[in-house]
Amino acid sequence: MNKIMKIYKTLLSQFGSQHWWPVTEKGKFHPEYSNGPQNEKQKLEVIFGAILTQNTNWNNVEKAIVRLNKHDLIDGKKILNIDDKKLAEIIIPSGYHNQKAKKLKNFCEFLLKKYDWDLSLLFKNNIYELRKQLIDINGIGPETADSIILYAAKQPIFVVDAYTKRVFDRIGFKEKTYDELQELFNKNLAKSEKLFNEYHALLVELGKSICKKVPLCEKCPINNHCNYYRKEVA
DNA sequence: TACCAGGTCCTCG
DNA sequence: CGAGGACATGGT
């Protein structure tokens with residue numbers, strides 16, 4: 001087994017299944033039971049969440065999503081009809097609310113104009129084409145696009161985020177850019193949506209709880225693979 | 001109190 | 001290209 005896969009197995013046995021992407025039901029999050037979006041509305045909520053979580057703690061995003069739900073705004077048409085200022089006010093807890101309000105609208109405008117609100121039709125594109133179209137939307141970059149493809153469209157693409165970069169940089173991999181890192185996972189893993197889903201979620205958990213800015217290497221389940229740790233103890 | 005959090009865009013060299 | 005700044009709230 002290759003190193004990328006060994007790390008995955010260790011993280012999974014350590015942290016357990018993460019049940020991503022958490023979605024709301026009846027106005028509340030049920031992360032412990034959630035296994036991702038089960039219907040169109042929940043898929044749209046995942047897309048909104050992917051935008052709202054840019055450079056922001058998920059805890060803040062949850063607050064914003066709960067507020068969107070309360071205003072019945074997990075709905076593309078309503079997002080386009082609401083005043084910019086009002087939308088921004090509702091998503092205040094997510095941070096960058098003015099920018100993110102525009103980003104939500106940009107996505108909805110795209111979905112209306114190109115797909116007449118048909119998410120399923122959008123998701124029928126192949127991964128390459130879907131990614132290209134999403135990145136063309138102002139406010140959606142590579143990570144947000146990939147999150148949408150993996151967690152809403154449920155197609156296998158590996159999401160690289162700040163945690164992924166930090167963890168694999170410390171371990172000692174030379175891949176630095178987004179594309180290089182994504183390719184590393186593509187080459188070493190079976191192209192499985194379930195695997196990519198779980199792996200990324202596990203890396204987030206590792207990054208949040210252990211591989212922080214100042215890492216807790218003694219507690220790290222994969223420190224035996226890590227150059228950074230070996231340098232510390234040497 | 002200051003720092004950090006599941007990025008992206010824009011500008012400038 | 002890539003580095004640097006702007007965007008902003010809530011938790012510790």
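In this text the structure is predicted, and so the values were computed from the model without any measurement. Throughout, protein chains are lettered first and strands after them, A, B, ... in sequence-line order, and every chain is numbered starting at 1.
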Report the nucleotide, chosen from B/dC10, B/dG7, B/dC4, that has the shortest atom-to-atom distance to any side-chain atom of A/Asn138.
B/dC10
State whether A/Glu109 and A/Lys102 are salt-bridged, where the test is any N-O pair (Lys NZ or Arg NE/NH1/NH2 against Asp/Glu carboxylate O) under 4.0 Å.
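A salt bridge is absent here (no side-chain N lies under 4.0 Å from a carboxylate O).
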Upstream residue (5' side of DNA chain B) when A/Lys213 and A/Gln54 are each assigned their closest nucleotide
A/Lys213
Start at the 5' end of DNA chain B and walk down; is the nucleotide closest to A/Trp20 or to A/Ile137 reached first?
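Its nucleotide being nearer the 5' end, the pick is A/Trp20.
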Side-chain donor-acceptor pairs of residues 21-28 of chain A under 3.5 Å, sequence neighbours excluded:
from	atom 1	to	atom 2	distance (Å)
A/Thr24	OG1	A/Glu45	OE1	2.4
A/Thr24	OG1	A/Glu45	OE2	3.4
A/Thr24	OG1	A/Asn69	ND2	3.1

State whether A/Phe48 and A/Lys103 meet the cation-pi test: NZ (Lys) or CZ (Arg) under 6.0 Å from the six-membered ring centroid, and within 45° of the perpendicular axis.
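Not flagged: A/Lys103 not positioned over aromatic ring of A/Phe48.
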Do A/Asn223 and A/Tyr228 pair up side chain to side chain, a donor and an acceptor below 3.5 Å, judged on atom types alone?
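There is no such pair (donor and acceptor under 3.5 Å, judged by atom type) between the side chains of A/Asn223 and A/Tyr228.
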Check the pair A/Phe168, A/Phe185 against ring pair (Phe, Tyr, Trp, His ring centres under 6.0 Å), reporting the backbone distance first and the verdict last.
CA-CA 11 Å; A/Phe168 283 83; A/Phe185 292 97; 5.0 Å; yes
Where protein sits on nucleotides 5-12 of chain C, one letter per nucleotide: B base, S sugar-phosphate only, - none, heavy atoms under 4.0 Å
--BBBSS-
Using modelled atom types only, decide if a donor and an acceptor are shared between the side chain of A/Thr10 and the backbone of A/Tyr8 within a distance under 3.5 Å.
no
Just to be sure I understand the rule, does A/Ile91 reach a base, reach only the sugar-phosphate, or reach nothing, if contact means heavy atoms closer than 4.0 Å?
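Nothing: the residue A/Ile91, judged by heavy atoms under 4.0 Å, touches no strand.
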Contact class for A/Ile140 (heavy atom, under 4.0 Å): base, sugar-phosphate, or nothing?
sugar-phosphate
Between residues 166-190 of chain A and DNA chain B, which residues have a heavy-atom gap below 4.0 Å?
A/Arg166
